[in-house]
Structure formats: C-alpha cells, structure tokens
Trainee: 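For reference, the structure I am asking about is given below.
As the structure is a prediction and not an experimental result, all values here were calculated from the model.
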Amino acid sequence: MHVALVTDFDHTPRYADVDEPRAVGPHEEVVDVLAAALHPRVRSQADGSHYTSTDALPLVPGVDGVGRRADGSLVYFVVGDTQLGTLAEKTIVDLRRSVPLPADADPLLLAAAMNPAMSSWVALTKRVSFRPGQSVLVLGATGAAGQLAIQVARRLGAGDVVAAGRDRAKLARAGSLGATATIDLFASPDEIAADLAAKAADVDVVLDYLWGEPAQNAVMPMLLARADRSRALDWIQIGSSAGAEIALPSAALRQANLRLLGSGQGSVSTAGIVSVLPDLVAEVMRGGLTVEVDERPLADVEAVWSVAGAARVVFVP
C-alpha cells in the first residue's frame, strides 16, 4: 500500500510503498483511509519536534482521519502514538478511539475540521469549568485552529469572543465567525497593549495558540487592566507557533488570579478526549463549524508538505 513515509526527520515525507498492516489487538481493525488532514500537529510529528515524539523511524505520520471499515461503515478515528499513522491507504484503528458516522458523512470536512476544532473544544470542556456567558480571548485567531476556536467558543455559549491575530484579512472576517471584537497583532507593541487592556482585560478564558512573545507581551497589560484582579483568568496554553518559551514576571501570579494551564495529550486523558468526539462530530456534521478544505491526492505529499495556505490540506488515497 502507499503511504507518506518519514525516514529522516530533516526531510519531508515521501510517497512510498509498504506492506499492508495487520490488526493484532482485540479492539483493532484495519480500515481504508478515505481522508486524513495535514495538521500542524502532523508536521511536528513528522519532523520529530512534537513533545510526544519518540524519535523512532521509519514513521507514517498522521493523527486522525475518516475511514471505511470492512463492513462498509464509516468512522472518524484518532490514533495513538504509533509508527503507522493516517497518511496511508490503510491504517490500524483502535475502535475505542473511533466514532461511527452515517453513510452521507463528508470525509473531507470531518478530516479537516475535527483536529483543529478539538483543541478548543477539549480546552473549554475538559480543562476549565466554562459556563455560558463567559468571555474568551483567542490568541492566534487567524490560524485554522484559532478560527475554529472562535466558532467553538460561541457554540459552547461564550458571551464575548475577542479574536487576536496577525492576518488582517482574516481578522476582518472574524465577526462573521462569532467574534465580538478583534485585536491586530501586527500593530505596534503600544497599540497592542492598549487594545488588550481595552478589549480583553476582563475575559474569563484565554485560548492561546501562540505562546512566545505575543503571550509574554499580553499577560501584564491584561492583568493590570482587570476591573477585579481577584476574578480568575484561566490562560490555556494550546499551541506554540510563536515560540516555545516566555518570561513571566512573578508579580503576575501574585497581583492577579492568573491560572496557567495547558491542554493537549497528557494534560487530558485519552478517555477524556475520546469522550468529546461524538458531540464534536455532530457539530461539524450539522454545519455548526466551518473550515476551508484543500483536497489533495496522497501522491502529492512531497509537493504540498511545506506549502502554507488558508485551507487545510486533506489527503485522499
């Protein structure tokens, strides 16, 4: 069968032919992969930089997808830390990590939307006690996951959703996704700080896809401008596209009720992640969440691997 194969973390995966897999566990089944997306998580898996990487090679990357079972039924599934991921014509699925789909499900949409939407859905339902009417700042709102986070927050009952990002064209469309205010992270540091203080100081939750300098520069302007610093601000670290580290003044933790936590593999159990999948699948299928899809044949993996675009690349066999 054909797969995207990583044999060197310094090179992009190549389209290769390998032996078909065989299921061995009691809950395992080989499925035909109908669609699997190229998420940032997949790219970091393929270059060995993700925090779950074991450095074991060869590796077929891919963390989720839509497949067809031997009986013809469709499933959305996520895979564990395995050498055989989802960028393949066939893969092994632990059925306990899968959700049955109706025959008319759109494999491309589900493959594109589920992983990025899962990041904010899990964060708001599993990492904090999020309540309808609370407000959210999405830091990194112009990436695919950030745009879905705006929609997810609103679907889960958020009152105000502040969208902060660098892509001005996408910020201009953030209102149509549910954002009630925007912050241009391409502005000057003083302008950004003033905007954060004016528009986001009193949010209840930050969904942070950036970390690095944007997060570092946002913390103090927001905390110092809060009307009631004793009211909890849950800062959920989800991604680190702007940097892996920040310098945080100790005063930030003393002069305000700032609660720093992360959301991802390890901070949320596998069972916890799997438990939200049916609701999220239902939300995507009913059209509650939207994402742009760029359908590509798996054979094009080398050509499109490093191409940046607004749409989420989804590979099909």
Trainee: Verify whether one side chain among Ser73 and Asp71 offers a donor that lies under 3.5 Å from an acceptor in the other.
Mentor: yes
Trainee: What heavy-atom pair brings Asp160 and Arg154 nearest, and what distance separates the two atoms?
Mentor: N-NH1, 4.4 Å
Trainee: Does Lys199 use its side chain to pair, donor to acceptor, with the backbone of Thr182 at less than 3.5 Å?
Mentor: yes
Trainee: Sub-3.5 Å donor-acceptor pair from the side chain of Ser269 to the main-chain atoms of Gly272, do we have one?
Mentor: yes
Trainee: Given side chains that start at C-beta, do those of Leu109 and Val284 come closer than 4.5 Å, heavy atoms only?
Mentor: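 Of all side-chain heavy-atom pairs linking Val284 with Leu109, at least one is under 4.5 Å.
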Trainee: Heavy atoms only: give me the nearest Ser267-Gly262 pair and the separation to one decimal.
Mentor: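 Scanning both residues, the minimum pair turns out to be OG-O, 3.4 Å.
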Trainee: Could you check whether atom CZ of Arg22 has more than 12 heavy atoms from other residues, nucleotides or ligands sitting under 6.0 Å from it?
Mentor: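 Not buried by this count: 12 neighbours or fewer within 6.0 Å.
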Trainee: Give a yes or no on whether the backbone of Ala227 and the side-chain of Asp202 come within a donor-acceptor separation of less than 3.5 Å.
Mentor: yes
Trainee: Answer yes or no: is there a side-chain heavy-atom contact under 4.5 Å between Leu298 and Pro317?
Mentor: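 Not in contact.
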Trainee: Return the CG to CG distance between Asn257 and Leu233, rounded to the nearest 0.5 Å.
Mentor: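 Result: 8.5 Å between the selected atoms.
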Trainee: Around Arg131, counting heavy atoms of other residues, nucleotides and ligands shown, do more than 12 lie under 6.0 Å from its CZ?
Mentor: no
Trainee: Using only atom types and a distance under 3.5 Å, with no angle test, would you say the side chain of Asp64 pairs donor to acceptor with the backbone of Val78?
Mentor: no
Trainee: Answer yes or no: is there a donor N or O on one side and an acceptor on the other, between the side chain of Ser135 and the main chain of Val161, under 3.5 Å?
Mentor: no
Trainee: If I take atom CD from residue Gln255 and atom OG from residue Ser250, how far apart are they, to the nearest 0.5 angstrom?
Mentor: 9.0 Å
Trainee: Without swapping roles, check the side chain of Ser240 against the backbone of Leu210 for a donor-acceptor pair under 3.5 Å.
Mentor: no
Trainee: Could you check if a side-chain atom of Val301 sits within less than 4.5 angstrom of a side-chain atom of Val304, using non-hydrogen atoms only?
Mentor: no
Trainee: Can you find a pair of side-chain heavy atoms, one from Asn217 and one from Ile192, that are under 4.5 Å apart?
Mentor: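 Heavy-atom side-chain distance check fails, nothing below 4.5 Å.
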Trainee: Using the rule that two of Ile, Leu, Val, Met, Phe, Trp, Tyr join whenever any of their side-chain heavy atoms come within less than 4.5 Å, decide whether Leu101 and Leu95 are in one cluster.
Mentor: no
Trainee: What distance separates Leu139 CG from Ser241 OG, expressed to the nearest 0.5 Å?
Mentor: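 Here the interatomic distance stands at 9.0 Å.
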Trainee: Examine Leu5 and Leu57 and state if one hydrophobic cluster contains both, with Ile, Leu, Val, Met, Phe, Trp and Tyr joined whenever side-chain heavy atoms are less than 4.5 Å apart.
Mentor: no
Trainee: Whether the side chain of Glu28 engages the backbone of Gly25 through a donor-acceptor N/O pair (distance < 3.5 Å, no angle test) should be reported.
Mentor: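 Here the side-chain-to-backbone pair exists.
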Trainee: Under a single-linkage definition using a 4.5 Å side-chain heavy-atom cutoff for Ile, Leu, Val, Met, Phe, Trp and Tyr, are Trp211 and Val136 assigned to the same hydrophobic cluster?
Mentor: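 No, because Trp211 and Val136 fall into different hydrophobic clusters, even though each may have its own neighbours under 4.5 Å.
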Trainee: Do Val274 and Arg96 touch side chain to side chain, with heavy atoms closer than 4.5 Å?
Mentor: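 Counting from C-beta outward, Val274 and Arg96 never come under 4.5 Å.
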Trainee: Does Glu213 have more than 12 heavy atoms from other residues, nucleotides or ligands lying within 6.0 Å of its CD?
Mentor: no
Trainee: side-chain hydrogen bond (donor to acceptor under 3.5 Å, both in side chains) for Lys126 and Ser275? Distances and angles first, verdict last.
Mentor: CA-CA 10 Å; Lys126 293 296 181 182; Ser275 71; 3.2 Å; yes
Trainee: Drop me the distance from Leu171's CG to Ile183's CD1, to the nearest 0.5 angstrom.
Mentor: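 That separation rounds to 9.5 Å.
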Trainee: Is there a path of hydrophobic side-chain contacts, each under 4.5 Å between heavy atoms of I/L/V/M/F/W/Y residues, joining Tyr76 to Val31?
Mentor: no
Trainee: Between atom CG of Asn115 and atom CG of Leu110, what is the distance when rounded to the nearest 0.5 Å?
Mentor: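 That separation rounds to 12.5 Å.
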Trainee: Would you check, one step at a time, whether the test side-chain contact (heavy atoms from CB on, under 4.5 Å) holds for Phe77 with Thr91?
Mentor: CA-CA 11 Å; Phe77 60 92; Thr91 194; 3.8 Å; yes
Trainee: Do Arg127 and Val268 have side chains that approach each other closer than 4.5 Å (heavy atoms only, starting at C-beta)?
Mentor: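 Answer yes - side chains close enough.
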Trainee: Hey, are Asp32 and Arg68 close enough for a salt bridge, meaning a charged N less than 4.0 Å from a carboxylate O?
Mentor: no
Trainee: Please tell me if the side chains of Glu20 and Val30 come closer than 4.5 Å, counting only heavy atoms from C-beta onward.
Mentor: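 The answer is no, as the side chains (C-beta and beyond) never meet within the 4.5 Å cut-off.
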Trainee: Does a side-chain N-to-carboxylate-O contact under 4.0 Å join Arg231 and Asp204?
Mentor: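 Looking at Asp204 together with Arg231, the answer is yes, because their closest N to O distance falls below 4.0 Å.
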Trainee: Atom CZ of residue position Phe9 - does it have more than 12 heavy atoms of other residues, nucleotides or ligands inside 6.0 Å?
Mentor: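 Yes.
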Trainee: Strictly by side chain to side chain donor-acceptor pair (under 3.5 Å), give each pair with a member in residues 298-317 just once, sequence neighbours left out.
Mentor: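 Sorted pair list: His39-Arg312.
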Trainee: Do Ile236 and Val128 come close enough that some side-chain heavy atom pair is under 4.5 Å?
Mentor: yes
Trainee: Before giving the answer on side-chain contact (heavy atoms from CB on, under 4.5 Å), spell out for Trp235 and Leu207 the whole-Å C-alpha distance, their side-chain angles and the decisive distance to 0.1 Å.
Mentor: CA-CA 7 Å; Trp235 195 294; Leu207 298 175; over 6 Å; no
Trainee: If you compare all heavy atoms of Pro61 against all heavy atoms of Ala4, which two are closest, and at what distance to 0.1 Å?
Mentor: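 Answer, listing the atom of Pro61 first, then Ala4: CD-O, 3.2 Å.
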Trainee: Is it true that Asp228 and Arg226 make a salt bridge, defined as a side-chain N closer than 4.0 Å to a carboxylate O?
Mentor: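 The answer is no: the pair does not qualify as a salt bridge.
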Trainee: Answer with yes or no whether the hydrophobic clustering places Val122 together with Val205; edges join I, L, V, M, F, W, Y residues whose side-chain heavy atoms lie under 4.5 Å apart.
Mentor: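 As far as the 4.5 Å side-chain criterion goes, Val205 and Val122 are connected within one cluster.
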Trainee: So, Gln237 side chain and Ser263 main chain: donor-acceptor pair closer than 3.5 Å or not?
Mentor: no
Trainee: If you compare all heavy atoms of Leu124 against all heavy atoms of Phe130, which two are closest, and at what distance to 0.1 Å?
Mentor: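 Minimum heavy-atom contact is O-CB, 3.3 Å.
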Trainee: Determine whether Tyr209 and Ser119 satisfy the following criterion, side-chain hydrogen bond (donor to acceptor under 3.5 Å, both in side chains), listing intermediate values before the conclusion.
Mentor: CA-CA 9 Å; Tyr209 290 91; Ser119 64; 2.8 Å; yes
Trainee: Using a 3.5 Å distance criterion without hydrogens, assess whether the side chain of Gln45 forms a donor-acceptor pair with backbone atoms of Gly62.
Mentor: yes
Trainee: How long is the span from the CD1 atom in Ile92 to the CG atom in Asp94, to the nearest 0.5 Å?
Mentor: 10.5 Å
Trainee: Go through the steps for Asp279 and Trp121 under the test side-chain contact (heavy atoms from CB on, under 4.5 Å), then give the verdict.
Mentor: CA-CA 10 Å; Asp279 287 344; Trp121 194 284; 4.0 Å; yes
Trainee: Test your reading of the model: is there a side-chain donor-acceptor pair from Arg296 to the backbone of Val316, 3.5 Å cut-off?
Mentor: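 Answer holds: no.
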Trainee: Can you list the steps and then say if Thr86 with Val63 is a side-chain contact (heavy atoms from CB on, under 4.5 Å)?
Mentor: CA-CA 6 Å; Thr86 60; Val63 296; 5.7 Å; no
Trainee: Do you know which two heavy atoms are closest between Pro100 and Val75, and how far apart they sit?
Mentor: CA-CG1, 4.2 Å
